[in-house]
Trainee: 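The structure under discussion is supplied below as structure tokens; questions concerning it will follow.
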Amino acid sequence: MEDEAYSDIYGKALALDCQSHSSICREFTVSSPKVSIGKVMVYTCCVWLLAYVVFFFTENTAVLSSAILITLAGMMLHIHFVKVDHESLLVIGSLGIQVSSSYASGRETTSFIEMTKIKDIVINEAIYMNQIIYYLCVLLKDPTEPNAVSNVVPLFQSSKPRLNCLVKVYKSCQEILSKC
Amino acid sequence: MGQRKRVAAVSRLSHQRVSGAPSDAVRVSNRKHNICMVSDFFYPNMGGVESHIYQLSQCLIEKGHKVVIVTHSYGTRKGVRYLTNGLKVYYLPLQVMYNQSTATTCFHSLPLLRCVFVRECITVVHAHSSFSAMAHDALFHAKTMGLNTVFTDHSLFGFADISSVLTNKLLTVSLCDTNHIVCVSYTSKENTVLRATLNPEIVSVIPNAVDPTDFTPDPSKRHDDNRITIVVISRLVYRKGIDLLGGIIPELCLKHPDLHFLIGGEGPKRIVLEEVREKYQLHDRVRLLGALEHKDVRDVLVQGHIFLNTSLTEAFCMAIVEGASCGLQVVSTRVGGIPEVLPEDLITLCDPTVRSLCAGLESVIALQRSGSVPSPASIHARVQNLYTWRNVAERTEKVYDRVVGEEVLPLDRRLRRLRSHCGPVAGSIFAFVAVIDFLFLLLLQWLAPDRVMDTAVDACGPHGLWRPETSNDEPDSKHAGKRRPLKTT
């Protein structure tokens, strides 16, 4: 079970790290592979070649300099807003769930859901782009109606692990949730 | 190169599976299938096809098969839903074009349908209704993927006008390499065989059914005995012969002052009936109820003595079975598959003319007056075992057993079949489309190989997790109702 290989829905390898801080506190971290230098090269070359073709016909040097700016800005935006290095889920029984994701640039976003608002954690199915995938989500209680679900918070949104990984996280979460 | 090798290995595997199937089928006759029902028409849309798919699926689940239903999204109803007994329904977000039927480009539905077929480990694809573009798409893709296919036709078509010529050509192309076709009556079989130039041996007849417990007689709901009520329940459209009904009403009402009409349904021909009612001042004797919900149909039926059906074309006609099941005398036109539906002594058949229908109705009215008609309970007792969904499911199961033993044509023979069977022009066009579809499938298999798709957790079927006995002894039942079936793994 320990050395089971996990991957995301596109077949890329993922690493799952489960840390048990105490009997009611567990942390799960899903790490995606780093940005590969090859991919960066391919994208840069594409933009620059395109810019060079445009330059060849228009003979305007502004095209070339803007291409350099576009690639630089694109890379920075990508690592700052898109590329997620790891996502973690911290479950503390009787207190709540903390979800955080850290981007390749070092930026981190964190959100916390109180236990009183949580109804359950479930694995659900959804149609995503042109496939149908499983995902883990937190069901939030409706404050007015105790049995209704008011909102759904999907977990591990950018890494999108496959079912075997989700089941492992789900089972540990349920162990903690059932205790409180 | 490596990828191509892998794809070749995958396709070889699938061929082995297909060619290995016959011996398995012979050895284990009651093997379980993974069936995917595809149709544009499903709940929340209402109609005969929808209830057919639902009831058939429920009975197949009862027999231990795994069934999933694929349809397009209705409004906000998108994604994956579960119905009774773990029947899984995929509402795929495909664009609706006309009359609740999706657009067909032959390609855009492939990624999602492939995903469903792969993750649910489908062995038989069962498409419904020739009006449904999605059903034809699914047949096309299933054959490209090497899956066995079954098609059920629910309607009759003409041959003369331009729309039927085109639909018939499409049907020829779609059915020429389908493993098996199911029709709802012998008339419908004849019609389909002629339209799609099929070999009649691969066409089976399995009628529709009604749930007899929904349609029970209740003579106490009838009005006092000195009036006779004729019930008509149908959509008020040309095909259902509403113009004939408009001719019958004044003629009979003039002769029989104790005759009342109760008409349920809605449609463009309502104006015809309203005109008749206005012209002959029959407001107290002809009641138009408007559109009825399926659950209210029985309550209307039991108020009447005679059920009248004036259809001009009909493949099976569930309505007359429902009428007879409620213990009514049935008078109907002799068209399409109607003469096959009920035994001769339970139905009065007439030609589709006003005179013949009036004569038929008058003879039944005379019988009713003399009190020599069989009691509603005895009619119900005879009809209730004629058409049951269990019987339909058993016969459909036999079709599946036969189909999984058959070979799915490989691409080269499929192309030859299309060219030889569908004419030089349409055949060549669709052979080209089939090649493109195959290449598209290879591309998708390269982008997202089958092995990175998660196999779906079964709710029903041989390894289903929603068995009633397992859900009872589940230890923690705090959220058991809400929780996913994964709990028990």
Side-chain angles (χ1 to χ4, degrees), chain A residues 1 4-14 115 118-142 145-150 152 154-156 159-180, chain B residues 3 6 68 70-73 77-82 88-94 107-120 440-441 443-459 465 474-489:
Chain A
M1 198 65 189
E4 202 177 341
Y6 298 110
S7 67
D8 69 358
I9 55 163
Y10 304 105
K12 275 183 253 155
L14 285 180
M115 198 51 99
I118 296 170
K119 186 169 170 62
D120 204 351
I121 295 182
V122 295
I123 295 177
N124 207 349
E125 281 172 295
I127 298 171
Y128 171 77
M129 304 300 275
N130 54 9
Q131 25 183 339
I132 299 158
I133 60 168
Y134 280 107
Y135 67 98
L136 196 65
C137 62
V138 181
L139 303 182
L140 300 185
K141 265 182 209 160
D142 197 337
E145 277 177 84
N147 284 322
V149 174
S150 70
V152 172
L155 302 174
F156 303 125
S159 40
K160 297 193 194 64
R162 280 182 63 179
L163 187 59
N164 55 355
C165 177
L166 295 179
V167 170
K168 194 171 179 208
V169 176
Y170 171 81
K171 282 185 176 162
S172 325
C173 287
Q174 287 300 339
E175 270 171 35
I176 295 171
L177 287 184
S178 61
K179 275 181 199 155
C180 55
Chain B
Q3 278 118 18
R6 195 163 62 214
V68 297
V70 177
T71 183
H72 67 258
S73 56
R77 187 169 265 262
K78 295 179 188 151
V80 185
R81 306 288 173 114
Y82 285 89
K88 196 174 191 180
V89 187
Y90 286 93
Y91 289 94
L92 303 183
L94 301 173
F107 305 117
H108 75 296
S109 56
L110 179 61
L112 280 175
L113 283 173
R114 168 180 170 252
C115 196
V116 173
F117 294 161
V118 169
R119 72 202 301 275
E120 299 284 351
F440 189 31
L441 180 68
L443 175 75
L444 287 173
Q445 277 173 342
W446 175 68
L447 285 174
D450 288 358
R451 63 194 156 73
V452 307
M453 277 187 210
D454 284 314
T455 314
V457 177
D458 291 359
L465 297 167
E474 208 166 282
D476 53 343
S477 54
K478 200 172 111 195
H479 309 281
K482 204 66 203 159
R483 187 118 342 133
R484 305 286 308 169
L486 287 173
K487 184 88 195 167
T488 51
T489 52

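As a basis for the values below, the full set of heavy atoms in this structure was taken, side chains included, without hydrogen atoms, waters or symmetry mates.
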Trainee: Answer yes or no: is there a side-chain heavy-atom contact under 4.5 Å between B:Asp454 and A:Ile133?
Mentor: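 When only atoms from C-beta onward are counted, A:Ile133 and B:Asp454 do not touch, as no gap falls below 4.5 Å.
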Trainee: Taking it one step at a time, do B:Arg119 and A:Glu125 satisfy salt bridge (charged side-chain N to carboxylate O under 4.0 Å, His left out)?
Mentor: CA-CA 12 Å; B:Arg119 72 202 301 275; A:Glu125 281 172 295; 2.7 Å; yes
Trainee: Determine the minimum heavy-atom distance between B:Val452 and A:Gly11, stating which atoms define it.
Mentor: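 It is CG1-CA, 3.6 Å.
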Trainee: For A:Lys141, does the NZ atom have more than 12 heavy-atom neighbours from other residues, nucleotides or ligands under 6.0 Å away?
Mentor: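 Yes, NZ of A:Lys141 has more than 12 neighbouring heavy atoms, counting only those of other groups under 6.0 Å.
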Trainee: Between B:Leu92 and chain A, which part of the residue has a heavy atom less than 4.5 Å away: side chain, backbone, both or neither?
Mentor: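 When you check distances to chain A, atoms from both the backbone and side chain of B:Leu92 fall under 4.5 Å.
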Trainee: Indicate the atoms forming the closest heavy-atom contact of B:Cys115 with A:Ile132, along with that distance.
Mentor: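 Answer, listing the atom of B:Cys115 first, then A:Ile132: SG-N, 3.3 Å.
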Trainee: Given that the side chain runs from C-beta out, which part of B:Tyr90 has a heavy atom under 4.5 Å from chain A: side chain, backbone, both or neither?
Mentor: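 Side chain of B:Tyr90 only, per the 4.5 Å heavy-atom cut-off to chain A.
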Trainee: Could you go through A:Leu163 and B:Val457, starting from their C-alpha distance and side-chain angles, then the distance that decides it, and tell me whether this counts as side chain to side chain contact (heavy atoms under 4.5 Å, CB included)?
Mentor: CA-CA 10 Å; A:Leu163 187 59; B:Val457 177; 4.1 Å; yes
Trainee: Taking the side chain as every heavy atom from C-beta outward, state whether A:Tyr10 and B:Leu447 have any atom pair closer than 4.5 Å.
Mentor: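 The answer is no; the side chains never approach within 4.5 Å.
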